[in-house]
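A note on names: the letters A, B, ... follow the listed sequences, proteins ahead of strands, and every chain is numbered from 1.
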Protein chains: 2
Amino acid sequence: MTSPRPADTFPTPEHDHAECIDAALTHAEDTCRRLGLRFTPIRRRVLELIWQNHEPVGAYDLLDQLSRDGRRAMPPTVYRALEFLVAAGLVHRLATLNAFVGCAHPDHAHQGQFLICRNCRRVVEMESPKVGRSLKREAEALGFSIEEQSIELTGLCPDCSSEAH
Amino acid sequence: MTSPRPADTFPTPEHDHAECIDAALTHAEDTCRRLGLRFTPIRRRVLELIWQNHEPVGAYDLLDQLSRDGRRAMPPTVYRALEFLVAAGLVHRLATLNAFVGCAHPDHAHQGQFLICRNCRRVVEMESPKVGRSLKREAEALGFSIEEQSIELTGLCPDCSSEAH
DNA sequence: CGCGCGGTGGTATAATATAACAATCGTCAC
DNA sequence: GTGACGATTGTTATATTATACCACCGCGCG
């Protein structure tokens, strides 16, 4: 068994993705137990589907996949599961894509910065305290107090850059 | 006549907003002339509507207002005008709100950071070279090259903070 | 038991955005 | 002028994303 991929880098093609999924689900179980939240089958399944790869997935894609499971899911079902997972810090919503991606650092509260490859669509969640601090300081200088941040950077990941696009 | 508001701060209630609108329209004319772009009546009117205040406005709000003008506008009309204005750097799209706001620094290429007040909905465009540099540096350290950035910070503006929400 | 509450199922619809094609307008070559 | 061409706008239809609303179920608790 290969080691799990490190957070904050683009996953190699060889990484053991089954382990990513497993780690995400296990962590979700723990988190929910700890917080007294119910990790129901639908919520579990949606999280599992989101983690099928490192690309963001749309709510209606999830819906299709749930339907293929046999259960006839309707939009509210998916959106409720997503709302729960986002609130629990297990999933992030990418505003620029209207899509959802598994949280890479679910073990602590944070609001990261997302690197989104426009070619392969993979996403990495970066956590730069420096950027966070600068933003906070400069916003405060204008009298603004930040409550939520959405930082999404689109470009080319290392693998796609080297292929000359 | 009062002086135009400085960029990068929340506008005071007393600022001469007619001057904001006028400056935006005049600048747009100049820019389009300089770049050989056509600043048609629809584009002009949409920009004017966007600048009616410092709050982001949705495409369908603009549509309603255009209809009240007398012209029977359909969604593509508005979206085309918006697409043009965004491409020309005269308007920004806020992904977290699906809404559009006038560009406060239209005289040079840039990708700023938006401070969005959740209470009064006003938006200010901040330009922090420091944040931009940090992000670029840290993304490059991961081998990622940034092409577009979307940075949207939601919270309370100075005026709304002081009112204790 | 009976009540309340969180979760889910299901219908309908809202809100945002684009595809595709026709009609019109501007400009420039001739 | 006028014909050709590209850019802009008009129009219809539809795609995509998201939510409102109500009914039902299962379960813990008084």
Side-chain angles (χ1 to χ4, degrees), chain A residues 28-29 31-33 35-50 55-88 90-101 121 150 152, chain B residues 28-29 31-33 35-50 55-88 90-101 121 150 152:
Chain A
E29 274 166 20
T31 300
C32 290
R33 188 161 31 237
L35 300 179
L37 303 172
R38 290 174 54 191
F39 195 47
T40 64
I42 293 183
R43 291 169 180 177
R44 181 188 179 86
R45 180 62 176 142
V46 169
L47 184 60
E48 189 182 9
L49 289 171
I50 286 176
E55 301 172 32
V57 54
Y60 280 74
D61 282 351
L62 292 170
L63 198 50
D64 288 347
Q65 298 187 261
L66 283 180
S67 297
R68 264 180 253 125
D69 280 359
R71 59 181 353 131
R72 282 212 333 271
M74 306 305 263
T77 300
V78 172
Y79 279 102
R80 280 187 294 236
L82 289 169
E83 182 184 25
F84 172 87
L85 294 170
V86 170
L90 300 168
V91 162
H92 292 288
R93 179 172 191 276
L94 298 180
T96 55
L97 298 175
N98 294 327
F100 299 83
V101 70
R121 297 188 24 94
S150 158
E152 302 178 21
Chain B
E29 274 166 21
T31 300
C32 290
R33 187 161 32 236
L35 300 179
L37 303 173
R38 289 174 53 191
F39 195 47
T40 64
I42 291 183
R43 293 168 178 176
R44 182 188 179 86
R45 180 63 178 140
V46 168
L47 184 59
E48 190 182 7
L49 289 171
I50 286 176
E55 301 172 31
V57 54
Y60 280 75
D61 281 351
L62 292 169
L63 198 50
D64 288 346
Q65 297 187 260
L66 282 179
S67 296
R68 263 179 255 125
D69 280 0
R71 65 163 83 246
R72 280 213 334 270
M74 305 308 262
T77 301
V78 171
Y79 280 101
R80 281 189 291 234
L82 288 169
E83 183 185 25
F84 172 88
L85 293 170
V86 169
L90 300 169
V91 162
H92 294 289
R93 179 170 190 276
L94 299 180
T96 55
L97 298 175
N98 295 326
F100 300 82
V101 70
R121 297 184 29 91
S150 159
E152 302 178 22

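- At a threshold of 4.5 Å between non-hydrogen side-chain atoms, the residues Ile50(B) and Leu82(B) count as touching.
- In this structure, the CG atom of Leu85(B) is 14 Å from the C1' atom of dT8(D), given to the nearest Å.
- We find that CZ of Arg44(B) is positioned 14 Å from P of dT9(D), with the value rounded to whole Å.
- OP1 and OP2 of dG10(C) both lie 4.0 Å or more from every side-chain N or O belonging to Thr77(A).
- For Pro76(B), the side-chain atoms get nearest to dA19(C) when compared with the rest of dG10(D), dT16(C), dA19(C).
- Scanning atom types as modelled, one donor and one acceptor separated by under 3.5 angstrom connect the side chain of Tyr60(A) and the base of dA18(D).
- Rounded to a whole Å, the CG atom of Leu66(A) is 17 Å from the P atom of dG7(C).
- Comparing dT17(D), dT8(C), dT18(C) by their nearest atom to the side chain of Thr40(A) picks out dT8(C).
- For the pair Arg93(A) CZ and dT17(D) P, the computed distance is 10 Å after rounding to whole Å.
- If you take CG of Leu62(B) and P of dA17(C), they are 11 Å apart, rounded to a whole angstrom.
- Here Arg72(A) reaches the OP1 or OP2 of dG10(C): one of its side-chain N or O atoms lies under 4.0 Å away.
- We find that CD of Glu83(B) is positioned 13 Å from C1' of dA7(D), with the value rounded to whole Å.
- Distance from the side chain of Tyr79(B) is smallest to dT18(C) among dA18(D), dG9(C), dT18(C).
- A salt bridge does not link Arg80(B) to Glu83(B): none of the charged nitrogens lies less than 4.0 Å from a carboxylate oxygen.
- Residues Val91(A) and Leu47(A) have side chains in contact (heavy-atom distance under 4.5 Å, counting atoms from C-beta outward).
- In this model, no donor atom of one side chain and acceptor atom of the other lie less than 3.5 Å apart for Ser150(A) and Glu152(B).
- Annotation: of the two residues near DNA chain D, Asn98(A) and Arg38(A), the 5′-most nearest-nucleotide partner is Asn98(A).
- When heavy atoms are screened at a 4.0 angstrom cut-off, Arg80(A) is found touching base atoms of the nucleic acid.
- Taking the ring centre of Phe39(A) as origin, the terminal cationic atom of Arg44(A) falls outside the region bounded by 6.0 Å and 45° from the ring axis.
- Residue Ile42(A) is the one, among Ala99(B) and Ile42(A), whose nearest nucleotide of DNA chain C lies closer to the 5' end (criterion: closest heavy atom).
- Met74(A) has its CE atom 17 Å from the C1' atom of dG7(C), to the nearest Å.
- With rounding to whole Å, Arg43(A) atom CZ is found 5 Å from dT8(C) atom P.
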